[in-house]
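Below you'll find the structure, written out as structure tokens, and then a few comments.
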Amino acid sequence: MTPLEAPPDAEDEFFENHLYYAGGPDGGALALAFKQTYLRYEASILNNPLLYNIRAGIVRRVNLTPRFGEYYIAYMLWHEKVVILAIAHAKRR
């Protein structure tokens, strides 16, 4: 397994997205589903970091499909580490 690194901005994005779903009327079920989906893809990236497509330069991207497909994880490999650059919404900047 490859080590993981995430700058504070990427961690903040995850928590903001998680809080967004936690504020819904479903008692936090959607927030839990978002977190589980993210963790599943994070594990997949760590186990096989070359699995997902390169999008720009050396940055790879994976969409959190199917339920959260509008969100994606942007990451790159740097000195034998996976560096998560963003957990972002595809239609926001």
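Distance NE2/H79 to CD/E5: 10.0 Å, rounded to 0.5 Å. One finds the CG atom of L4 at 4.5 Å from the CD1 atom of I84 (value rounded to the nearest 0.5 Å).
You'll find the side chain of K35 reaches within 4.5 Å of the side chain of F14, heavy atoms only. Annotation: side chain of N63 is not in contact with side chain of Y71 (no heavy-atom distance under 4.5 Å). Using a 4.5 Å heavy-atom cutoff, the side chains of V82 and L46 are in contact. With a 4.5 Å cut-off on side-chain heavy atoms, L77 and L50 count as touching. Between R61 and N53, the closest side-chain pair of non-hydrogen atoms is not below 4.5 Å. No side-chain heavy atom of I45 sits under 4.5 Å from any side-chain heavy atom of L51.
A distance-only check finds a donor-acceptor pair linking the side chain of D26 to the backbone of G28 [under 3.5 Å]. Judged by distance alone, with hydrogens and angles left aside, the side-chain atoms of E13 form a donor-acceptor pair with the main-chain N or O of I87 at under 3.5 Å. With Y75 contributing its side chain and P49 its backbone, the two residues share a donor-acceptor pair below 3.5 Å. No donor-acceptor pair under 3.5 Å is formed between the side chain of S44 and the backbone N or O of R40.
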| said: With side-chain contact (heavy atoms from CB on, under 4.5 Å) as the criterion, how do F68 and Y38 come out once you've worked through the C-alpha distance, each side chain's angles and the decisive distance to 0.1 Å? | reply: CA-CA 9 Å; F68 301 99; Y38 169 79; over 6 Å; no
| query | Could you walk me through whether Y41 and T37 pass the side-chain contact (heavy atoms from CB on, under 4.5 Å) check? | reply | CA-CA 6 Å; Y41 277 99; T37 301; 3.9 Å; yes
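Nearest heavy atom pair, residue A33 against residue R67, reads CB-NH1, 3.8 Å. Nearest heavy atom pair, residue E70 against residue Y21, reads OE2-OH, 3.3 Å.
R60 forms no cation-pi arrangement with Y52, by the criterion of a distance under 6.0 Å to the ring centre and an angle within 45° of the ring axis.
Tracing side-chain contacts under 4.5 Å through hydrophobic residues (I, L, V, M, F, W, Y), one never reaches L64 starting from L85; they form parts of separate clusters. The hydrophobic cluster containing M76 does not contain Y72, counting ILVMFWY residues as joined when their side-chain heavy atoms lie under 4.5 angstrom apart, directly or transitively. Under the 4.5 Å side-chain contact rule for hydrophobic residues, L32 and L19 do not share a cluster.
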